[in-house]
Amino acid sequence: MNAMLVPRYAKVHHRAQDSRARSARRAATRPFMFDAEAETLPREQLLRLQLRRLRAMLKDACNNVALHRERMRAAGIRPEDVRSVDDLIHLPHTVKADLRDHYPFGLFARPREQLSRLHASSGTTGKPTVVGYTHKDLATWADLMARSMACGGARPGDVIHNAYGYGLFTGGLGAHYGAERLGATVVPMSGGATERQVVLIRDFAARVLCSTPSYALNIAEVAERDGVDLRSSSLAIGLFGAEPWSEAMRREIQIRLGLKAIDIYGLSEIMGPGVAVECEAQDGLHGWEDHFLFEVIDPESGRPAPEGHAGELVITTLTKQALPMIRYRTRDITRITTASCGCGRTHLRLKRITGRNDDMLIIRGVNVYPSQIEAVLIGLPDIAPHYQLVVERKGNLDELGVEVEALASAGTGEDVHRRLAELVRYQIKSMIGVTASVTVKKPGEVPRSQGKAVRVRDLRPK
Ligand code: DLL
């Protein structure tokens, strides 16, 4: 053997051994992952996979959905022109109105006979938004929900108490099949019958609670009232989402339920829950980039926002068969970071979704999201974490009313309520800069949520 080669070979051999040892060490210290290979895929490989899937999806969408075909043609771009994931910015957007305009099945890329399930939004005004899934879509969704649940700290063998609403809303069934896929025991509670939920969480020794954050607080309140101490129960993890919630709300829930509250995000138009989720570090939600492309754009100009800047989240599906979505404008406001995460997952992170474009109130020129008001209220003594905002038009200006509730321990006298109203008004003015008229209600008078909380009553003329 050439003597010169010996040391070099030895070095290469050593390096290979080192790197094998390093990845073994990493794997040993890594948290449990449902699909470790996909979740830790090096970013260059992830990009290659995305490009392959994007081109296939575009081809399929153009072949099977007239709207996508026409929009792509109008934009002067063909699926085969897409040479890199960066070409995404040349593709047309899809918006919620497109789903309504093609109600019920007009955006489906598969004939109705090939769909295994439909879900729909309740649609407070006009037609509901209908979404559909093939058998394979449902399997992918269950996989991604299982992955999300494990990412948040759920484990095979856990009892998962599922208080997301079952039915047309994607929360209940999405979490249900994810939990089964993970290998957990799911308790299919749905929302409501809160006293019973409390008893079953305790008796079945649930380790994981799935619900909206506002309903989790409702469960905590009923448990406290009924003398059931859920803080020392088996509950360890909460997978909370489907509505915006603040960091202050997270702290409140964690203390009152004695669990780690994990933020989980999703939307029916893209899949349902499980599009993105926090890992146990609770520092941003990993968006599953092997199945979706995430962008943040300036909602006014439509231009991409630089990494780390807040803007509207835009999502493209890569593997959906029944309802492929090209650059869907979610209206949700967030920021993206691709900085590496201590958990070892390579998928980008979304910062907490602070609210939706369309939830933003403009009160005398100041932009306000309900979650900002929530963050102020939850820090205040003698005020319960339940609230509603009432927006009215007086003359040409919008006025903000805030209805809050006093804690029973605060007392009920008129002077107590007057003092609390003044405190809330002052705090909102100094923290957010808007003047609100505050009404303090008696304990239990602000409606409790069983699913997505109604945070705003908009009384402005339509
Ligand atoms: O809410 C899916 C879901 C179910 C997500 C259960 C998480 C848990 P939709 O009913 O279509 O789907 O509503 C989607 O809810 O565009 C956001 O505005 C909001 N949303 C969902 N998750 C979060 C979250 C389900 N973690 C809409 N933080 C989205 C803030 C959220 N907003």
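Both counts, for ligands and for their atoms, begin at 1 and track the order of listing.
Counting non-hydrogen atoms of other residues, nucleotides and ligands closer than 6.0 Å to CZ of Arg196 gives a total of 12 or fewer. Counting heavy atoms of neighbouring residues, nucleotides and ligands inside a 6.0 Å radius, atom NE2 of His90 exceeds 12 of them. Within a 6.0 Å sphere centred on CZ of Arg303, heavy atoms belonging to other residues, nucleotides or ligands number 12 at most. The environment of NZ in Lys136 is sparse: at most 12 heavy-atom neighbours from other residues, nucleotides or ligands sit within 6.0 Å.
Of all the atoms in ligand 1, the ones that sit under 4.0 Å from a non-hydrogen atom of Phe169 are 1 (O), 4 (C), 10 (O), 25 (C). Atoms of ligand 1 found under 4.0 Å from any heavy atom of Gly171 (numbered from 1 in listed order, with element): 4 (C), 6 (C). Atom numbering of ligand 1 starts at 1 in the shown order; those under 4.0 Å from a heavy atom of Asp332 are 16 (O), 17 (C), 18 (O), 29 (C). Close contacts of ligand 1 with Ile264, meaning ligand atoms under 4.0 Å from a residue heavy atom, involve 7 (C), 22 (N), 24 (C), 26 (N). Heavy-atom proximity to Thr170, at under 4.0 Å, picks out these atoms of ligand 1: 2 (C), 12 (O). Heavy-atom proximity to Asp263, at under 4.0 Å, picks out these atoms of ligand 1: 24 (C), 26 (N). Taking a cut-off of under 4.0 Å to the non-hydrogen atoms of Arg356, the atoms of ligand 1 that pass are 16 (O), 18 (O).
Checking Thr212, Leu267, Val277 against atom 12 (O) of ligand 1, the nearest heavy atom belongs to Leu267. The heavy atom nearest to atom 22 (N) of ligand 1, considering only Pro244, Ala242, Gly172, Cys210, is found in Ala242. Comparing Ala175, Gly266, Ser268, Pro213 by heavy-atom distance to atom 14 (C) of ligand 1, the nearest is Gly266.
No cation-pi contact links Lys452 to Phe169, judged by a cut-off of 6.0 Å to the six-membered ring centre and 45° from its axis. A cation-pi contact, defined as under 6.0 Å to the ring centre and within 45° of the axis, links Arg352 to Trp245.
With respect to atom 31 (C) of ligand 1, the closest heavy atom belonging to the protein is Glu243 N, 3.6 Å. Among all protein heavy atoms, the one lying closest to atom 8 (C) of ligand 1 is Tyr164 OH, 3.4 Å.
For the 3.5 Å distance criterion, the side chains of Thr129 and Glu269 fail to qualify, holding no donor opposite an acceptor. There is a side-chain donor-acceptor pair under 3.5 Å between Asp332 and Tyr265.
Of the heavy atoms in Lys452, only side-chain atoms (C-beta onward) come closer than 4.0 Å to ligand 1.
No N or O atom of Thr330 sits closer than 3.5 Å to an N or O atom of ligand 1.
Side chain of Glu405 to main chain of Pro443: no donor-acceptor pair is present (N/O by atom type, distance under 3.5 Å, no hydrogens or angles).
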